[in-house]
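Worksheet: one structure, shown below.
Counting starts at 1 for both ligands and their atoms, following the listed order. Computed from heavy atoms alone, side chains included, the values below leave out hydrogens, waters and symmetry copies. Numbers for residues simply follow the sequence, beginning at 1.
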Amino acid sequence: MKLGAMINDIFESIFKHPVTEHYPFERKETPSQFRGQLQWNRENCTGCGLCAKDCPANAIEVIVLDRKAKQFVFHYNVDHCLFCAQCVHSCRQGCLSMQPQLWELAALSRDGYQLYYGNENDIQTYLASQTAAEPAATPRPAVQPVALD
Ligand code: SF4
Ligand code: SF4
């Protein structure tokens with residue numbers, strides 16, 4: 001590189017704004033199609049389980065407590081999820097979406113990566129049945145219920 005061109009580059013660099021983003025103090029809006037954390041809307045859910053069947057990572061479990069009463073618990077294993085959106089495409093009722101704004105999922109421990117969506121009472125009923133079925137010495141995973149109403 002010629003000396004003149006080098007000096008030119010140096011002066012240009014001095015007066016340019018840095019390209020580095022000051023994350024987490026400055027955040028850019030994520031694209032609307034970005035695949036963030038999975039969300040479940042139980043309004044139209046039939047409990048068919050197709051989303052769980054098609055999930056390549058076994059990240060979903062649909063627990064049917066009472067199909068007629070539409071009592072479902074949607075168990076989402078965030079740290080198993082590949083964010084492929086197969087479940088979103090598989091659901092014929094449009095119950096699933098990947099929230100573009102929920103993408104900061106890194107953590108120092110796996111606590112909180114077990115999400116339970118649904119009615120709070122249904123979640124507690126399901127978790128209580130699981131506890132009763134487990135041998136006493138088996139440690140329980142960390143649980144983060146997400147009540148929808
Ligand atoms: S996004 Fe993919 S890996 Fe994650 S729960 Fe849905 S189907 Fe499974
Ligand atoms: S595929 Fe849709 S309707 Fe069927 S259990 Fe999953 S979320 Fe519910």
Side-chain angles (χ1 to χ4, degrees), residues 9-10 12-149:
D9 281 355
I10 290 169
E12 268 185 21
S13 302
I14 288 172
F15 297 108
K16 263 186 192 167
H17 288 293
V19 291
T20 314
E21 288 170 22
H22 293 179
Y23 176 84
F25 308 107
E26 292 172 16
R27 286 178 162 84
K28 278 191 173 173
E29 203 173 316
T30 43
S32 59
Q33 289 164 324
F34 187 88
R35 297 174 194 161
Q37 184 176 299
L38 186 65
Q39 294 293 295
W40 177 66
N41 183 340
R42 71 191 171 119
E43 280 305 305
N44 297 326
C45 184
T46 60
C48 67
L50 204 56
C51 50
K53 187 169 169 279
D54 286 354
C55 173
N58 287 330
I60 297 173
E61 191 184 2
V62 179
I63 299 114
V64 179
L65 297 178
D66 185 336
R67 193 179 297 278
K68 271 193 179 168
K70 286 178 72 75
Q71 284 181 281
F72 308 124
V73 174
F74 190 93
H75 178 198
Y76 174 41
N77 245 309
V78 186
D79 60 346
H80 286 199
C81 183
L82 307 170
F83 302 91
C84 64
Q86 178 59 56
C87 52
V88 177
H89 294 294
S90 296
C91 179
R92 294 170 187 160
Q93 310 300 326
C95 303
L96 298 172
S97 58
M98 307 208 79
Q99 299 298 303
Q101 71 277 17
L102 293 178
W103 58 270
E104 291 169 301
L105 305 175
L108 293 176
S109 84
R110 297 175 79 180
D111 294 357
Y113 280 156
Q114 302 274 321
L115 299 184
Y116 289 85
Y117 297 123
N119 176 282
E120 178 65 31
N121 288 338
D122 294 344
I123 294 170
Q124 293 310 329
T125 302
Y126 169 67
L127 292 177
S129 72
Q130 290 302 103
T131 308
E134 279 179 3
T138 306
R140 284 204 48 73
V143 162
Q144 187 178 340
V146 181
L148 297 178
D149 58 9

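- In this view, E61 satisfies the salt bridge (charged side-chain N to carboxylate O under 4.0 Å, His left out) rule with no residue, not counting sequence neighbours.
- Around the CD atom of E26, the shell of radius 6.0 Å holds more than 12 heavy atoms that belong to other residues, nucleotides or ligands.
- Which parts of ligand 2 touch C45 is read off a 4.0 Å heavy-atom cut-off, strictly below it: atoms 3 (S), 5 (S), 7 (S), 8 (Fe).
- Annotation: the span from Q124 atom CD to T131 atom OG1 amounts to 9.0 Å, rounded to 0.5 Å.
- Residue side and main chain included, C48 places an N/O/S atom under 2.8 Å of atom 4 (Fe) of ligand 2.
- The shortest separation from a heavy atom of G47 to ligand 2 is under 4.0 Å, placing the residue in contact.
- The two atoms that bring L38 and M98 nearest to each other are CD1-CG, 4.2 Å, heavy atoms only.
- Of all the atoms in ligand 1, the ones that sit under 4.0 Å from a non-hydrogen atom of A85 are 1 (S), 2 (Fe).
- Contact of the L115 side chain with the Q37 side chain is registered, since non-hydrogen atoms from C-beta on lie closer than 4.5 Å.
- Contacts between W40 and ligand 2, counted as non-hydrogen atom pairs separated by less than 4.0 Å, involve the side chain only.
- Listed by number with element, the atoms of ligand 2 under 4.0 angstrom from any heavy atom of C95 are 7 (S).
- Interface atoms of ligand 2 facing G49, defined by a heavy-atom separation under 4.0 Å, are 4 (Fe), 5 (S).
- K28 is linked by a side chain to side chain donor-acceptor pair (under 3.5 Å) to E21, counting only residues two or more places apart in sequence or in another chain.
- Within the listing of ligand 1, atoms 1 (S), 4 (Fe) sit less than 4.0 angstrom from a heavy atom of F83.
- Taking the six-membered ring where the residue is Trp, W40 and F74 present parallel rings, their angle staying beneath 30° rather than reaching 60°.
- With contacts defined as side-chain heavy-atom distances shorter than 4.5 Å, the pair L65/V73 qualifies.
- Side-chain contact check for Y76 versus Q39: every heavy-atom pair is 4.5 Å or farther apart.
- Of all atoms in ligand 2, listed by their number and element, those nearer than 4.0 Å to a heavy atom of Q93 are 3 (S).
- Every residue two or more places apart in sequence or in another chain that forms a side chain to side chain donor-acceptor pair (under 3.5 Å) with Q99 is listed here: S97, Q101.
- The set of protein atoms (N, O or S) found at less than 2.8 Å from atom 8 (Fe) of ligand 1 reads C55 SG, by chain and number.
- Under a 4.0 angstrom heavy-atom cut-off, R35 registers as lying outside contact with ligand 1.
- A 4.5 Å side-chain heavy-atom check between R42 and N119 finds at least one atom pair inside the cut-off.
- Near C91, meaning under 4.0 Å from one of its heavy atoms, ligand 2 places the atoms 1 (S), 2 (Fe), 3 (S), 7 (S).
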